[in-house]
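Scroll down for the structure; my scribbles are underneath it.
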2 protein chains.
Amino acid sequence: MTTGNREDYLINILRLTEGEGVAKTTELATYMNVSPASVSEMIKVLAKEGLVNYEKYKGVSLTEEGLTYARQLRKKHHVLERFLTDYLNIDHKTAHEEACRMEHAISDESAIKMCHMMGTPVDSDCQSCKKPCKAVSEGVTRITPLNKLAQSESGRISHITSDDTEVVKRLISMGFVPGREISIETILSDGGPRIVRMGNATMALDYHLASHIFVDTAAESEQF
Amino acid sequence: MTTGNREDYLINILRLTEGEGVAKTTELATYMNVSPASVSEMIKVLAKEGLVNYEKYKGVSLTEEGLTYARQLRKKHHVLERFLTDYLNIDHKTAHEEACRMEHAISDESAIKMCHMMGTPVDSDCQSCKKPCKAVSEGVTRITPLNKLAQSESGRISHITSDDTEVVKRLISMGFVPGREISIETILSDGGPRIVRMGNATMALDYHLASHIFVDTAAESEQF
DNA sequence: TTTATAGTTAAGGTCAACCTAATCTTAAAA
DNA sequence: TTTTAAGATTAGGTTGACCTTAACTATAAA
């Protein structure tokens, strides 16, 4: 495990080398607001650990391993930032700063699941980076809106979508979170409420609301 | 700002002083898996900062300020842990460990909002603590359980949920269907039945039963 | 080929933790 | 009331992960 600060170096090297091949010491020093000497020193450590390619006087770049690490970190950053702004209504600047702290604390697993929870937003461009980042993973599935499921059918929530952010937020806050197992208990009438079950909870849900929840019916025992 | 480790001391002092008035040095040392000497040392620092009451050889306790701080921290822990288990399906042990890291990174603001997002679950008992914890703040959640609504308040039924399927079915069969407008006519006594109105029907409803019905109070004319 | 600029090393500092060993307090047993 | 063991504290020291300044060195453009 690399420490928080080392991780910052990695992520910043990534940011600076994204377009160009290498980051220069001074450039990085300015960017991170430390002395060039500190950068040189740190880089030697990271090189020894195989995370960066380092040739004296020639700048740094990430190794394959470092790249993977840094990208993962950046994804975490984005996922968190996204979550903070979209789900918690935190303003952008604050969200960014907070994501900078939290990206070092969240596990890979949680980041991935968080990504799933939010549907696809992590694919898209990120405000604080020049480059877009990719979603953590994708699968082939049979996905149906919850309101189209028949009685006693079940599956796993794939994603939730609506033009109205509020609706998505509301559903999330009700516990409809991608990844959870869900089954239709009872259908009261065709266009009427659905009684659904998730874990121990049973819940009655409006037909229209249910249409925003997409269920993967082939995913009953699949793990992320 | 106190460092992560200092925060750990605070939260652990809180845990140990919850029942008893003070925590003993050795007790804390054992609990945190460090030497008693380290504890003494750290405590002096915290005392200097006004976060703990410290009288040599007499044990530590939190000051008013330290208590506030530690409680806030523990709340953060709970909110995060809850989020990880309930929303991301992370197993408990992992969630706890992760919350331990993240509690130092999340801001007060985000914790509060996260709490709101999740509705009320943070009120309830927490798996990893002996003591239940309170919600981060009362806050303005639009979705409120019916039993918490004041007299003459109204809204639209958002959803109905219970661990017991029968309860949900019964409520549905009584006409409590998501989407319907509802208002509190009369409150007979604090924990007593509510008389509610839906359309033309008036109905008396047990306090406990009412707690399963969630009302969107901001949604009086809103459509899903 | 010179020389400014950029990069590196050396030497040393700080800070927050931690530890062991020695010493001191307290409280309870003798 | 004295003794003493358990518990707490201090002293002194270590470590790791940073950082800095100052002096030195390489590079590449004039």
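Labels below follow one simple rule: chain letters A, B, ... track the order of the sequence lines, proteins then strands, and each chain is numbered from 1. It should be emphasised that the depicted structure is a prediction, and the values quoted were computed from it without experimental measurement.
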Proximity to the side chain of B:V34 - top-ranked nucleotide from C:dA10, D:dC18, C:dC19
C:dC19
Distance below 4.0 Å between B:K58 side-chain N/O and C:dT26 OP1 or OP2:
no
Does the plane of the ring in A:H96 sit parallel, tilted or perpendicular to the ring in A:H77? Use 30° and 60° as the thresholds.
perpendicular
Length of the line joining A:N33:CG and D:dC18:P, which is rounded to integer Å
16 Å
Please check the phosphate of C:dT9 (OP1 and OP2 only) for any side-chain N or O of A:K44 closer than 4.0 Å.
yes
To the nearest angstrom, the CG-P distance between A:D8 and D:dA17 comes to 15 Å
Give the nucleotide from the list D:dA11, D:dT21, C:dC18 with an atom nearest to the side chain of B:A37.
D:dA11
Heavy-atom side-chain proximity of B:Y69 to B:E7 below 4.5 angstrom:
yes
Of the options D:dA22, D:dC18, C:dT20, whose atoms approach the side-chain atoms of A:M42 most closely?
D:dC18
Under 4.0 Å between a side-chain N/O of B:K56 and OP1 or OP2 of D:dT10, yes or no?
yes
Counting only heavy atoms not in A:D91 (residues, nucleotides, ligands), do more than 12 fall under 6.0 Å from its CG?
yes
Sugar-phosphate, base or nothing in reach of A:S35, heavy atoms under 4.0 Å:
base
Give a yes-or-no answer on whether the side chains of B:D8 and B:H104 include a donor-acceptor pair shorter than 3.5 Å.
yes
If you check the B:S40 side chain, which of D:dT9, C:dA17, C:dT9 turns out closest?
D:dT9
So if I take every side-chain heavy atom of A:N5 and compare against C:dT8, D:dC19, C:dC19, which nucleotide ends up nearest?
D:dC19
For the side chain of B:E41, starting at C-beta, report the closest nucleotide among D:dT9, D:dC19, C:dC18.
C:dC18
Report the distance from atom CG of A:L28 to atom P of C:dA6, rounded to the nearest whole Å.
15 Å
Under 4.0 Å, heavy atoms only, any strand: does A:T25 hit a base, just the sugar-phosphate, or nothing?
sugar-phosphate
Which whole-number value in Å describes the distance from A:Y54 OH to C:dA6 P?
16 Å
Can you measure B:L46 atom CG to C:dA16 atom C1' for me and round it to whole angstrom units?
12 Å
Is the shortest side-chain N/O distance from B:Y9 to OP1 or OP2 of C:dA17 below 4.0 Å?
no
Looking only at side-chain atoms of A:Y57, point me to the closest of D:dT27, C:dC18, D:dC18.
D:dT27
Rounded to whole angstrom units, what separation is found between the NZ atom of B:K24 and the P atom of D:dT9?
9 Å
Do the side chains of A:D206 and A:R194 get close enough for a salt bridge, i.e. N-O under 4.0 angstrom?
no
Send over the distance from A:I43 CD1 to D:dC19 C1', rounded to a whole Å.
15 Å
Less than 4.5 Å apart, side chain to side chain, heavy atoms only: is that true for A:E109 and B:L88?
no
Rounded to whole Å, please give me the gap between CD in B:E27 and P in D:dT9.
13 Å
